[in-house]
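Report on the structure given below.
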Protein chains: 2
Amino acid sequence: MSPDARLSWKDVRDEIRDAILSGRYAPGDRLPRDADFAAMLNCARSTVQRAMQDLSDSGIVERRRKGGTRVRPDPVTRAMLEIPVIRREVEQKGGRYGYQLIRQAEAVPPAGICAACGLAAPAPMLRVEALHLSDGQPYILEDRWISLDTVPEIRAVDLTAQSANEWLVLNRPYSRCDLRLYAIPAETGAARLLGTAPGAALFVIERTTWIDTAPITTVRAIAAPGYQLVTQS
Amino acid sequence: MSPDARLSWKDVRDEIRDAILSGRYAPGDRLPRDADFAAMLNCARSTVQRAMQDLSDSGIVERRRKGGTRVRPDPVTRAMLEIPVIRREVEQKGGRYGYQLIRQAEAVPPAGICAACGLAAPAPMLRVEALHLSDGQPYILEDRWISLDTVPEIRAVDLTAQSANEWLVLNRPYSRCDLRLYAIPAETGAARLLGTAPGAALFVIERTTWIDTAPITTVRAIAAPGYQLVTQS
DNA sequence: TGACAGAATATGTAGCTACATAATACAAAC
DNA sequence: GTTTGTATTATGTAGCTACATATTCTGTCA
């Protein structure tokens, strides 16, 4: 690599970000045009464009056609969350994965579940309750509703052998996913299954997935005490 | 727009994604080369490249030089989390924002805080405890440590008038941010400040920010009961 | 003064080429 | 048979051009 190698778009991004971070451009300020940056940094406009796109994606900068690019006056923290399949998560942490089906029944979902799935009228669904274990210890308790309209084959799957989580992920890719994170006190039943005291603070990941506009499943995954979701960017 | 308008990279992405979702390519399968897709869809390879990049970012496919592109055998859920400045969050929900400084003192941080900041040796920091309110009700209780090495000016800021959250966001942009999400039972002090019972399940967002490798601040934001973090993608 | 049409402008996108880089496959040498 | 070097191949990146699109600015006319 020669000393004056060409700048990659990441170099350009870092250059511009540093200029912003150093205070050379204050929040709300308008930045030079892409073409000017290109001239300043001696690279192509397309390179600056890619860099700016990235800065825009990460919430540092705001871009508007004709309006130009300006430093976001109200920065937001944007971070990528990654939620793997539970078996993989356990194994990646070095644990031995285990799984228990607790209950499985077709039922008409309550209004809350219909709302999460964006259903106006209740449709028949399969409710599956299961426990995921790590090294024999309760790890995540899931309470899942699966749309029988969208996934009728689920009736034929043996959910004592394979978790619905895993089967769906492998057989029913989704096009959209909503997440909802919060904390709840353990109910008596959940507490018993998770091996904790009733009322304990539990972390919940609620996830609904769709294929196009058809709901596939909505899960409430209740994590055992001590569970943490970590991101970094 | 003519009927056979050129495909945008998003069209190409959707086309390929649909092919995967429909099962035409199964998890683990190798996809055609970018150039082949380009020929099939009658567009440029760069357009396919952008589409594939996006599919790769969202965790649907895996790309390797020479190895080609394959459908991820172990799909992960990736979602973008967006955490605004608290004042904005409250106002966006239509609430009236309020703020109270509870305590502020220079101190040597405990080991846990040093670790979060990646500090080997304890350095003096400013600890700030404050309560954010929505319509007069407790909303988020924050327990913050600010690095006096990185942000000495914070000593001169009147934190009764403006929250550290806001001042830092406007004056100290960061280059890196780690998030940690979990649930805890309310301690006596936190319970009183948040107007809830001791032991109540509370949602916690822990965030540490750096400028390059220098830690700026680490916060533990404890949300009042009912708080939910929502994402969609 | 106000409304509206059209010009100007900055970003967004697509296409092409050329070359870089990483991973694999294969063949030669020991 | 194993190792090592080289060729091949698929993706990654940069540069350029051309044109699309959204907004703002400006000038004209009522």
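Side chains included, hydrogens not; waters and symmetry mates left out as well; all remaining heavy atoms used. In the text below, chain A, chain B and the rest are named by the order of the sequence lines, each starting its count at 1. Since the model is a prediction, treat every value here as computed from it, not as a measurement.
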Whole angstrom value for the distance that separates P of D:dT11 from CG of B:L55: 13 Å
Of B:G68 and A:A44, whose nearest nucleotide on DNA chain D comes first from the 5' end? B:G68
Check the phosphate of D:dG12 against B:R63, side-chain N and O only, distance under 4.0 Å to OP1 or OP2. Yes or no? yes
Under-3.5 Å donor-acceptor pair between B:R45 side chain and D:dG12 base: yes
Let me know the distance between CZ of A:R33 and P of C:dA8, rounded to the nearest Å. 15 Å
Can you check whether any acceptor in the base of C:dT21 is under 3.5 Å from a donor in the side chain of B:R65, or vice versa? yes
Rounded interatomic separation in angstrom, taking CZ from A:R50 and P from C:dT13: 13 Å
Mark yes or no for whether B:D158, through its side chain, and B:T160, through its backbone, hold a donor-acceptor pair below 3.5 Å. yes
Return the 5'-most residue of the pair A:K66, B:R64 with respect to DNA chain C, ranking by each residue's nearest nucleotide. A:K66
Distance-only, no hydrogens or angles: does the A:S147 side chain make a donor-acceptor pair with backbone N or O of A:T217 under 3.5 Å? no
Pick base, sugar-phosphate or nothing for A:R30, based on heavy-atom distances below 4.0 Å to the nucleic acid. sugar-phosphate
Are A:Q49 and C:dT11 close enough that a side-chain N or O sits under 4.0 Å from OP1 or OP2? no
Rounded distance (Å) that lies between atom P of D:dG12 and atom CG of B:D57: 10 Å
Atom NZ of residue position A:K93 - does it have more than 12 heavy atoms of other residues, nucleotides or ligands inside 6.0 Å? yes
Closer to the 5' end of DNA chain C via nearest nucleotide, is it A:S46 or A:G67? A:G67
Given atom CG of A:N42 and atom C1' of D:dC16, what is their separation to the nearest angstrom? 14 Å
By nearest atom, which of the nucleotides C:dT11, C:dG15, D:dA14 is closest to the B:C43 side chain? C:dG15
Please determine whether a side-chain nitrogen or oxygen atom of B:T47 lies at a distance below 4.0 Å from atom OP1 or OP2 of C:dT13. no
Measuring from atom CZ of B:R180 to atom CZ of B:R207, what distance do you get when rounded to the nearest 0.5 angstrom? 14.5 Å
Rounded distance in Å - CD (A:E62) to P (C:dG12): 12 Å
Within a strict 4.5 Å, meaning less than it, do heavy atoms of the B:W167 and B:I146 side chains meet? no
Write down the distance between NZ (A:K10) and C1' (D:dA14), rounded to a whole number of angstrom. 14 Å
In this structure, how many angstroms lie between the C1' atom of C:dC16 and the CH2 atom of B:W9, rounded? 20 Å
